[in-house]
Structure formats: C-alpha cells, structure tokens
Amino acid sequence: MSSRRSMGALAAVCVCMFVFVSSARAEDPYRFFDWEVTTGNINPLGVQQQGILINGQFPGPEIDCQTNDNLIVNVHNRLSEPFLLSWQHRKNSWKDGVSGTNCPIPPGQNFTYQMQAKDQIGSFFYFPSLAFHKAAGGFGAIRIRSRPLIPVPFDPPAGEYTMLIGDWYKTSHKAWHCSYTNFINSRWILALQAMLDSGKQLPSPDGILINGKGPNGASFTVEQGKTYRLRVSNVGLQSTLNLRIQDHNMTLVEVEGTHTVQNTYSSLYVHAGQSLSVLFTANRPPGVYQITVSTRFAKRALNSSAVLRYAGSSATISEPPPPAGLADDIDFSLDQARSIRTNLTASGPRPNPQGSYHYGSINVTRTIRLANSAGRVAGKQRYAVNGVSFVEADTPLKLADYYRISDVFRLGGIPDAPPAGAAAAPRSEAAVMDSDYRSFLEIVFENSEDSVQIWHLDGYSLFVVGMDRGVWSEQSRKSYNLVDAVSRCTVQVYPRAWTAVLVALDNVGMWNLRSEDWARRYQGQQFYLRVYTPSHSFRDELPIPSNALRCGRATNASGRSRTLSRY
C-alpha cells in the first residue's frame, strides 16, 4: 500500500485507504463495475427531494473485494454539472478524487478508475467530493476482506452487515423548486449550497439516515446464538453519532483497516467520516430489538433506529426510538477514544504482526500545530486553518505542480503554527504546505472552539498518540501512547481540546487535509500537504495516468514535466 521501508510492516498498520496502481500482478483478480450517476427522487425523511443515485441506488452500490483485488470502475456522469468521486485511497494522489488533484468528470462524459486494494483490509466508503454533492448522496460502502491465508484475530462471523449512518437535511443540496408543498414541508427556502455560497451557516440537520432510510426503515435478521460483524461508516455532513444495539454488547475489532484490541462496549461514538467494525452475538430471547443511532455534541438532539430481528420472530416495533440522551459527555467519549488501541499481535493485510512497526521509537523531524478558527471575509462566514481559509484554484494543484504552471499556488501558503496574538480575519489562499518525503511528523490539532472538530488526511494513516482537554504544550508529550496507539485516517478533536498524531510521510503526492464537517471544509477549513522528493523513480510516485483528465490552465498540457522544486 505504501512504499516499503526498512521499518518492517508499516503498511500492516498504516492501511487507511485504497491504493491506485497503473499495473497489477496477473495473479490478482479483477472486478469490473459500470456506474451511471444520475439524479432521482428520494424521500428518506418523508419529504420528496432530489438525490444523487448510482445505478439508481441510494446509497450507491457496495464494493466488496479482497486484499490486492484490481477494481475497474467506469463512472458515467449523467448529471448536469461536473462530478468527482473520492475513494479514501492511499499511495497514488493522481487518483485521490478531490479538486486539488483531479479534474472532475464533465457532464455527459465518463471516466474509468483503475485501482487496486493493495495491502489493505477493513471498512471504508466512497463519496462525491465536489461542491456540496455529498449532501445529496452518491456515497457507498467499501468492504475489503483479508486473503484466505492471512490470519484474522477472531472466528469467522455467521454473517456481515453494513451500516451507513449519517445526518441528513430535507432541504436539497443545490437546486430548490419552491412549490407550495415544498414550502410547507421545509423551514428553509435556500438550498444548502446556496446558503454556504451566501456566507451563511447551515441550520441543524433534520434527521439521521441508516442505509438511506429513516427510523426503522433498515432491518437486519440474525439467528439466535450466532455472532455477526457489523461494519459502520458515518457518511454524514457533520454530526458525531452514538451507536447502540438494544440489550446487546459490541466488541470492537477493526477501525479503518487496523485490527484493534477487542474491548466490549454498550455504545460507541462514530464521528463524521469515521469507520469501524464490531462483533455482536445474538444471545437474547428471540424477538425484535432496535439498533439506535443518536447525535452527540449537537445543538439539536436527533435519533433514529434500525430493526434487529431474530429469525422466526413475529414481534413488531411498537414504540418510538429511545431518547438521544446526553449530548455533551466529553469525558466519557474521551475515555472511550483512548481505549481504542491497536492489536499488536494481530496480522493486518499481510501476515506480519501489526506491532512490527515501532512508531514510538522514531525521531520526530518536524512538529506542525494546526488550529481551526471561524471568521468573516467580505462579510461572509469562512473557516480557516492557522489563519488561512482555503479557496479553490482554477487548476488542480497536482496538475499545476506537475506541469510547472506558475501562480496557481505557492509553497508555504500555510504556516506550521497558528498566528500569535489576537485572531485576525482569515487570509484566503489555495493553501499548500510543503514537506519532505520520508520525514516523520508530529501533528497537533488544536481546537479552541465549542464544537467537536474532525480531521482527515488523504493518503495516510495517523497514529493517534494523545488527546485531552485544554491547551497542548510540550509537556503534553508525556501522556502520549507510544506503544499501541490506533492507526486511522480520521481523528476527532473535542471542544477546547487537542489531539496529537504521528505520521511517516512515505507517500509522495499532493494530499488533502480537511475538516470532515462538510460545511466548514466547503468554506475553507482545509489545505493540501505536498510530500516532495527530487527522485524520478516510479517506486516513489506512480506516473500520471494515461487517461488523466486535464482542465483549467492544464487543458492543453501534454508530455512529462518535472514538478516544482522545494523552493
């Protein structure tokens, strides 16, 4: 998945996302997908609205594959506007599927993704990354199973189920047809994207969906005495969600490609953008139970549920979902987050134990402190990282770097630490932070706001070594977990708190580091991390794909060019 280093099984731990390759070994099987992206009517919360469908499905089709499988996905864009899918992948930023690396698929055209689930296992999801499309659907689950000869640290379950959970708005993501029926069924006339473009903040979501359905719309059937695996991804726009299975405990076994210490929980927090797997045993009297999903740390308490039915039971759900409960139990959530640790003796996608990579003994070469903030630019709401609010360039940053197109971005556009002194209005820029290939970073996310912040770094997994309330200082390092910290690609930072991660930059490319609060990302809380090497070796970075789309000032670019130097 990542380039192999002398440090043993790095990829056995750092397996957060897909890898894309230009060629694959003959013995690895191929799986072909032909997807048509359209709009269509959906009504998950009882109000008809336009959703983004893939092959007529909402959510989209699940990708079920095995480590090292080659995936060929031909995407036809039948929308009236450009479209782009992100696969949460590793290794090759040419196929990252975000606007800073890729040109979108134009309306009426298609693009074929060639990918390989190289050295990867676990539970993930794909999603549309352009504009505010994610608010309309277009997302789906990714399930990567271990190869048959690789040991898995638990017995095979009797079955597996996928749960895509997330907050949802009744308001359309973009177009809004203001008929009288729509008017009386929604408090909001402006479409979501129009609200953000006008500099407004979004209202609270209207509900929670489970596999694209409202309360008790999704159901799962189990047999008494058997154990099942539940793969859960929070595909929503902002909300932290709490998962419970009525009268059943859950054993956490995997987080975003890392096998975890198998702790048992009665409920689990799943922050926006995060994925995990649990095992549960159907050991209760036959009947019907509820799988409940509730918001946490939210201004408005929301609640939904799915049906867990024991085979042969004729019972029905007659009562509403239980109340959402406390929304701000930060200490409880912090303790749970710290309890999620890597299973050091378990194998990952390869037979190597996950504990073979001793991240805690590597010298840190650079410390980066990242602080989120809110402010106004020209009277409109914006969000920033270290005082810089990201704005889209007219050309994907990756293409501009490759073809040496000047004035698209500048290296060092975002500083390594928050600005000192009183907060000033954010500065707008297509922000790029430069970094060296094979360096080892300490990144500290600092949150001085009253809301939970969730961060995701494309192309990498992060060792979550510490998190706590208050202000981070060098003394905070004494509390770091340098032995079995979980490795994942999406991390939370609690209100007025900090989270510290360690990451080995083994992946050359232009990688998006963003807020998983989609409105904050849309309004500037993101930037790109450029991992650079002067080497021309394809071992360090795969070549530009032969079918790469070109747009902006790179529309007529051709041939191979060297990327910009470090300075």
Side-chain angles (χ1 to χ4, degrees), residues 33-62 73 75-86 97-99 104-111 125-141 164-198 200-215 217-218 233-239 272 302 304 517-519 521-523:
F33 304 87
D34 196 60
W35 287 359
E36 188 170 25
V37 180
T38 61
T39 57
N41 291 329
I42 57 174
N43 58 348
L45 294 179
V47 175
Q48 184 170 291
Q49 58 192 127
Q50 286 284 295
I52 295 179
L53 314 179
I54 299 180
N55 289 354
Q57 299 178 41
F58 171 76
E62 178 172 294
V73 186
V75 178
H76 303 264
N77 179 14
R78 306 302 186 198
L79 305 180
S80 60
E81 57 190 310
F83 184 76
L84 193 58
L85 280 174
S86 182
V98 290
S99 60
I105 307 171
Q109 298 187 27
N110 72 299
F111 181 77
F125 64 94
Y126 61 87
F127 61 93
S129 64
L130 209 61
F132 215 61
H133 288 159
K134 191 181 179 187
F139 46 73
L164 299 181
I165 60 178
D167 51 25
W168 192 257
Y169 288 89
K170 296 177 181 177
T171 308
S172 295
H173 83 286
K174 185 175 182 182
W176 182 255
H177 304 288
C178 190
S179 67
Y180 177 73
T181 302
N182 284 333
F183 179 84
I184 63 175
N185 283 334
S186 175
R187 297 168 294 128
W188 309 103
I189 300 302
L190 288 174
L192 298 177
Q193 186 173 324
M195 290 183 195
L196 298 176
D197 289 338
S198 65
K200 301 180 185 298
Q201 294 180 321
L202 294 185
S204 296
D206 294 302
I208 298 171
L209 302 190
I210 301 175
N211 289 349
K213 298 178 173 64
S233 293
N234 185 338
V235 298
L237 296 176
Q238 65 185 63
S239 299
L302 298 173
S304 191
D517 182 323
W518 221 241
R521 173 190 182 269
Y522 186 83
Q523 292 179 319

Can the ring centres of W168 and F58 be said to be less than 6.0 Å apart? yes
Output the distance between atom CZ (F111) and atom CG (L85), rounded to the nearest 0.5 Å. 11.0 Å
Flag the pair H76 / D34 as yes when at least one side-chain heavy-atom distance between them is below 4.5 Å, and no otherwise. yes
Heavy-atom side-chain proximity of F125 to N234 below 4.5 angstrom: no
One should read off an interatomic distance between T39 OG1 and I52 CD1, to the nearest 0.5 angstrom, of 8.0 Å
With rounding to the nearest 0.5 angstrom, report the NE2 to CD distance, H133 to E81. 3.5 Å
Is there a side-chain contact between P106 and N77, using heavy atoms and a 4.5 Å cut-off? no
Taking every non-hydrogen atom, the tightest pair across S129 and S86: CB-CB, 4.1 Å
For the CZ atom of F127 and the CG atom of L164, what is their distance to the nearest 0.5 Å? 13.0 Å
Against P44, only a single residue in I210, I208, L209, N211 fulfils side chain to side chain contact (heavy atoms under 4.5 Å, CB included); can you say which? L209
Tell me yes or no: between the side chains of Q50 and N41, is some donor less than 3.5 Å from an acceptor? yes
What distance do L53 atom CG and I42 atom CD1 have between them, rounded to the nearest 0.5 Å? 7.0 Å
